[in-house]
Amino acid sequence: MNATVDRIKAVLAEHPIVLFMKGTPQFPMCGFSSRTVEALKACKAQFHAVNVLQDPEVRANLPRFSNWPTFPQLFINGELIGGCDITLELHQAGELARIVSEAQKPA
């Protein structure tokens, strides 16, 4: 598990916005992942996606690492934002666009 957690941490350190999802942004493999991708695209988010269906170790270990049982999981600046429902609520409230914009500002 430690090597997988190290890989998860490395991805989170490398990319400001990361979506661990089923499938890819172009071909989501579940409705929750699809709706989360659409919310991020609506906010003009530039995000890194990890297809957990192609990485069983990440799929098995990420819920323990994040303390969140389901996918997708959205991380911004290394912090878990949440899954589909929370992402959509933030989007509808206008908060997701603000958070995304802050995360994408040049340092």
Side-chain angles (χ1 to χ4, degrees):
M1 178 172 148
N2 287 344
T4 304
V5 168
D6 288 344
R7 280 196 301 129
I8 292 167
K9 288 178 180 176
V11 168
L12 294 175
E14 188 176 339
H15 304 281
I17 303 173
V18 180
L19 181 64
F20 292 90
M21 63 180 289
K22 293 180 179 178
T24 65
Q26 297 77 19
F27 297 103
M29 299 300 286
C30 83
F32 298 111
S33 290
S34 178
R35 289 194 290 282
T36 304
V37 166
E38 291 306 312
L40 286 168
K41 285 182 178 177
C43 294
K44 308 272 189 271
Q46 297 168 7
F47 62 96
H48 179 75
V50 175
N51 181 355
V52 298
L53 298 177
Q54 290 187 330
D55 197 332
E57 290 179 1
V58 169
R59 186 177 184 182
N61 288 287
L62 185 64
R64 279 181 242 143
F65 170 79
S66 64
N67 205 22
W68 192 267
T70 58
F71 294 98
Q73 293 187 22
L74 176 64
F75 287 79
I76 297 182
N77 292 328
E79 280 189 51
L80 176 67
I81 300 300
C84 178
D85 291 345
I86 291 172
T87 302
L88 293 180
E89 285 173 21
L90 288 170
H91 177 53
Q92 289 164 352
E95 284 295 299
L96 185 61
R98 183 188 62 76
I99 296 167
V100 162
S101 174
E102 289 288 318
Q104 294 181 156
K105 276 186 183 168

Q) Between V58 and R7, which heavy-atom pair has the shortest distance, and what is it? A) CG2-NH2, 3.8 Å
Q. Hey, what's the ring geometry for H48 with H15, parallel, tilted or perpendicular (30° and 60° as the breaks)?
A. parallel
Q.
Using every non-hydrogen atom in the two residues, find where A42 and H91 come nearest and quote the distance to one decimal.
A. CB-CE1, 3.6 Å
Q: Kindly give the cluster partners of L53, where membership spreads through any ILVMFWY side chain lying under 4.5 Å from a current member.
A: M29
Q: Quick one: closest heavy-atom pair of K22 and V52, and the distance?
A: CG-CG2, 4.0 Å
Q.
Minimum heavy-atom separation for K41 and P25, please, with both atom names.
A. NZ-O, 3.9 Å
Q: Give the minimum heavy-atom separation between K44 and Q104, together with the two atoms involved.
A: O-NE2, 3.4 Å
Q. Do any N or O atoms from the side chain of Q73 and from the backbone of W68 form a donor-acceptor pair under 3.5 angstrom?
A. yes
Q. Just by modelled atom types, is the C30 backbone N or O under 3.5 Å from a matching donor or acceptor in the S34 side chain?
A. no
(Q) Between S33 and M21 (side chain of the first, backbone of the second, donor and acceptor by atom type, cut-off under 3.5 Å), is there such a pair? (A) no
(Q) Would F20 and L12 count as a side chain to side chain contact (heavy atoms under 4.5 Å, CB included) here? Give the steps. (A) CA-CA 10 Å; F20 292 90; L12 294 175; 3.9 Å; yes
**Q.** Distance in Å, L90 CG paired with I81 CD1, rounded so as to fall on 0.5 Å steps
**A.** 7.0 Å
Q: Walk me through it: do L74 and I17 pass the test side chain to side chain contact (heavy atoms under 4.5 Å, CB included)?
A: CA-CA 7 Å; L74 176 64; I17 303 173; 3.9 Å; yes
Q. Roughly how far apart are T24 OG1 and L19 CG, rounded to 0.5 Å?
A. 11.0 Å
Q: Show your working on side chain to side chain contact (heavy atoms under 4.5 Å, CB included) between L62 and F75 and close with a plain yes or no.
A: CA-CA 12 Å; L62 185 64; F75 287 79; 4.2 Å; yes
Q: Would you name the heavy atoms of L80 and S66 that are closest together and state the gap between them?
A: CD2-O, 3.7 Å
Q | Joint hydrophobic cluster, L40 plus L88, side-chain heavy atoms closer than 4.5 Å | A | no
Q | From CD (E102) to CD1 (I99), nearest 0.5 Å | A | 9.5 Å
Q: Give a yes or no on whether the backbone of F32 and the side-chain of T36 come within a donor-acceptor separation of less than 3.5 Å.
A: yes
Q) What's the verdict on side chain to side chain contact (heavy atoms under 4.5 Å, CB included) for V37 and F47, showing C-alpha distance, side-chain angles and the deciding distance? A) CA-CA 9 Å; V37 166; F47 62 96; 4.2 Å; yes
Q: Answer yes when E95 and R98 have at least one side-chain N-carboxylate O distance shorter than 4.0 Å, and no when they do not.
A: yes
